[in-house]
There are 2 protein chains.
Amino acid sequence: MPRYTSIIADDHAIVRAGLRAALEAPGMVMPEGLEVSAETADGAETIAAVRSLKPHILFLDVQMPLAGGTEIALETRRWSPATRVVVLTGISSVGKLSELVEIGVDGLFSKATSNDELYASIPKILAGTRCVSSHVLALLENAPDAAALTGRERQILNLIALGQSNKEIGAVLGISAKTVDRHRTLMMSKLGVHSVAQLVAHALKQGLLDASPEL
Amino acid sequence: MPRYTSIIADDHAIVRAGLRAALEAPGMVMPEGLEVSAETADGAETIAAVRSLKPHILFLDVQMPLAGGTEIALETRRWSPATRVVVLTGISSVGKLSELVEIGVDGLFSKATSNDELYASIPKILAGTRCVSSHVLALLENAPDAAALTGRERQILNLIALGQSNKEIGAVLGISAKTVDRHRTLMMSKLGVHSVAQLVAHALKQGLLDASPEL
DNA sequence: GCGACGATGGGGCGGATCCCCCAATCGCGG
DNA sequence: CCGCGATTGGGGGATCCGCCCCATCGTCGC
């Protein structure tokens, strides 16, 4: 009967300690016990640890320096396909969350979820069932607008958030300023906003941008 | 020899567990031991607990539902002046951090700070010395522009980020749209940006806004 | 094939922005 | 007392935004 192995990846030492304390409580998670094989604090470190240890579970924070949660999840899929990826998040970024769901992470929990909910879910995840905390689920359902943006629109939204004008964006993308304006108008209509200010605020709060404000 | 008492206030269960595990390690923090008298998960709960328990230390997260970290710190000062307020933050919001420093919290740490640094600092804080983690200190020094905004400018910045036009803001504040425009121009010059989009992006990233994007 | 939709453009119009000029009042510190 | 900055307000002009109209291409799916 092999003990289950895991890696805890989070840039916050306190969070790592809390998760470790919850997981190592004997008998609480798995009868055989769940061993924390490593703790990592950034993206590169995490990917390296996953490649060498190939744990049963990777507990992963979305906001990590050096590599984002999305990238780590994809790398894990590549180098250790059997590893269950469980994402713990403290953010409300609908964009990133739905992105993670699309990638197909095995678990998605808010850091506010109780230990009981974790205890109940981990055995299911190890067995192959995908679990999403009710907390996160409610968030995803209350904002279906994020996925409504097309690729081009998202691209333009990033440039708008940088403060570029229609003309500048057109120059960068090699299209006319008028087309940029057209995309912008459609986007605002989709998102239900009526000005660039609202658009940028909405984009940043919902996490629709690629540029993650790291640290 | 009285045991020291404390309250842990954080909306994330995992963080509470991690901090509790670190604090209750016997002999690590204070020779007499540090008791965690209560855990609270929102602002109102925290203020109530502080008023009734009057602990030696309050460990406080900045981002809390129902009441912000700033408000809780002020209420604690009012109802239990002897309580040392130690703020743990995962954010880079220069605005809120400098606000907390002005209020005069007794400790200010990033959630990424090691347990060792905490262990070393807590006795000092109980003795009355203010401690700020090197992490946070570096952040405050690298962005002096936040404090450059006046009260009125900050107020207007909030409304701009909501997507209000100059005219609407003027109506809300009871001043002319032209004055709003003047403040906006000065602000943009101070922050080194050249459009509302950049202004909103900068404000949100630097955490200059009152409206905290809760959960 | 044929419609649906994304992406690409154009014309035009009202309003808002961005930035320059100007001035007045008030409070605070040297 | 006098300057300095915060706050208030106005005029004007170049530019850009916000939103209508219109059109042409592809690329999907049915």
Side-chain angles (χ1 to χ4, degrees), chain A residues 95 98-99 102 144-206 208-210, chain B residues 94-95 98-99 102 144-204 206 208-210:
Chain A
S98 51
E99 197 177 346
E102 281 174 26
D145 53 359
L149 293 184
T150 67
R152 197 59 156 174
E153 284 168 347
R154 228 182 245 102
Q155 189 178 12
I156 289 176
L157 184 54
N158 275 280
L159 295 171
I160 291 177
L162 293 177
Q164 311 259 15
S165 72
N166 286 348
K167 197 183 293 181
E168 291 169 326
I169 296 174
V172 170
L173 298 181
I175 59 181
S176 104
K178 204 66 190 171
T179 303
V180 177
D181 184 68
R182 183 106 196 88
H183 285 303
R184 181 215 298 269
T185 301
L186 269 175
M187 246 188 293
M188 294 199 297
S189 142
K190 281 182 184 177
L191 298 176
V193 299
H194 303 284
S195 67
V196 260
Q198 283 182 317
L199 187 61
V200 173
H202 189 92
L204 282 170
K205 284 187 194 167
Q206 299 295 313
L208 303 179
L209 303 181
D210 297 337
Chain B
V94 176
S98 52
E99 198 177 345
E102 281 173 26
D145 55 355
L149 293 185
T150 67
R152 197 60 157 175
E153 284 168 348
R154 228 182 245 105
Q155 190 177 11
I156 290 176
L157 184 54
N158 275 278
L159 296 170
I160 291 177
L162 292 177
Q164 310 260 12
S165 71
N166 286 348
K167 197 184 292 179
E168 290 169 326
I169 295 174
V172 169
L173 298 181
I175 59 180
S176 104
K178 203 67 187 175
T179 304
V180 177
D181 185 67
R182 184 105 197 84
H183 285 302
R184 182 215 298 267
T185 302
L186 268 175
M187 244 185 297
M188 293 198 298
S189 139
K190 281 182 184 176
L191 298 177
V193 300
H194 303 285
S195 68
V196 261
Q198 284 181 317
L199 187 61
V200 173
H202 189 92
L204 281 171
Q206 297 296 313
L208 303 179
L209 303 181
D210 297 338

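To find a chain, count down the sequence lines: A is the first, B the second, and so on, and within it residues start at 1.
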Spacing of [X] atom [atom1] relative to [N] atom [atom2], expressed in whole Å:
{"X": "B:Lys167", "N": "D:dG10", "atom1": "NZ", "atom2": "C1'", "value": "16 Å"}
{"X": "B:Leu186", "N": "D:dT8", "atom1": "CG", "atom2": "P", "value": "12 Å"}
{"X": "B:Ile160", "N": "C:dA16", "atom1": "CD1", "atom2": "P", "value": "15 Å"}
{"X": "B:Leu191", "N": "C:dC18", "atom1": "CG", "atom2": "C1'", "value": "16 Å"}
{"X": "B:Met187", "N": "D:dT8", "atom1": "CE", "atom2": "C1'", "value": "15 Å"}
{"X": "B:Leu159", "N": "C:dT17", "atom1": "CG", "atom2": "P", "value": "13 Å"}
{"X": "A:Glu168", "N": "C:dC18", "atom1": "CD", "atom2": "P", "value": "12 Å"}
{"X": "B:Glu153", "N": "D:dG5", "atom1": "CD", "atom2": "C1'", "value": "11 Å"}

Distance below 4.0 Å between [X] side-chain N/O and [N] OP1 or OP2:
{"X": "B:Arg152", "N": "D:dT8", "result": "yes"}
{"X": "B:His183", "N": "D:dT8", "result": "yes"}
{"X": "B:Thr179", "N": "D:dG9", "result": "yes"}
{"X": "B:His194", "N": "C:dC19", "result": "yes"}

Under 3.5 Å donor-acceptor pair, A:Lys178 side-chain atoms to C:dG12 base atoms: yes

hbond_proxy A:Asp181 side chain to D:dC19 base (donor-acceptor, 3.5 Å cutoff): yes

How would you label the contact of [X] with the nucleic acid (heavy atoms, under 4.0 Å): base, sugar-phosphate, or nothing?
{"X": "A:Ser176", "value": "sugar-phosphate"}
{"X": "B:Ser165", "value": "sugar-phosphate"}
{"X": "B:Arg184", "value": "sugar-phosphate"}
{"X": "B:Ser195", "value": "sugar-phosphate"}

Let's see if you can work this out: which of [options] has an atom nearest to the side-chain heavy atoms of [X]?
{"X": "B:Ile175", "options": "C:dT8, D:dT8, D:dG18", "value": "D:dT8"}
{"X": "B:Arg182", "options": "D:dG9, C:dT17, C:dG9", "value": "D:dG9"}
{"X": "B:Asn166", "options": "D:dT8, C:dT8, C:dT17", "value": "C:dT17"}

A:Arg184 vs A:Val196, side chain to side chain contact (heavy atoms under 4.5 Å, CB included): CA-CA, chis, key distance, verdict: CA-CA 9 Å; A:Arg184 181 215 298 269; A:Val196 260; 2.6 Å; yes

Heavy-atom pair of closest approach, residues A:Ala201 and B:Ala161: CB-O, 3.3 Å

Shortest non-hydrogen contact between A:Ile160 and B:Ala197, atoms and distance: O-CB, 3.2 Å

Inter-residue atom distance A:Asn166.CG - A:Thr179.OG1, 0.5 Å rounding: 10.0 Å

Distance, nearest 0.5 Å, that separates CE of B:Met187 from CZ of B:Arg152: 11.0 Å

Short side-chain to backbone donor-acceptor contact, A:Thr185 and A:Asp181, under 3.5 Å: yes

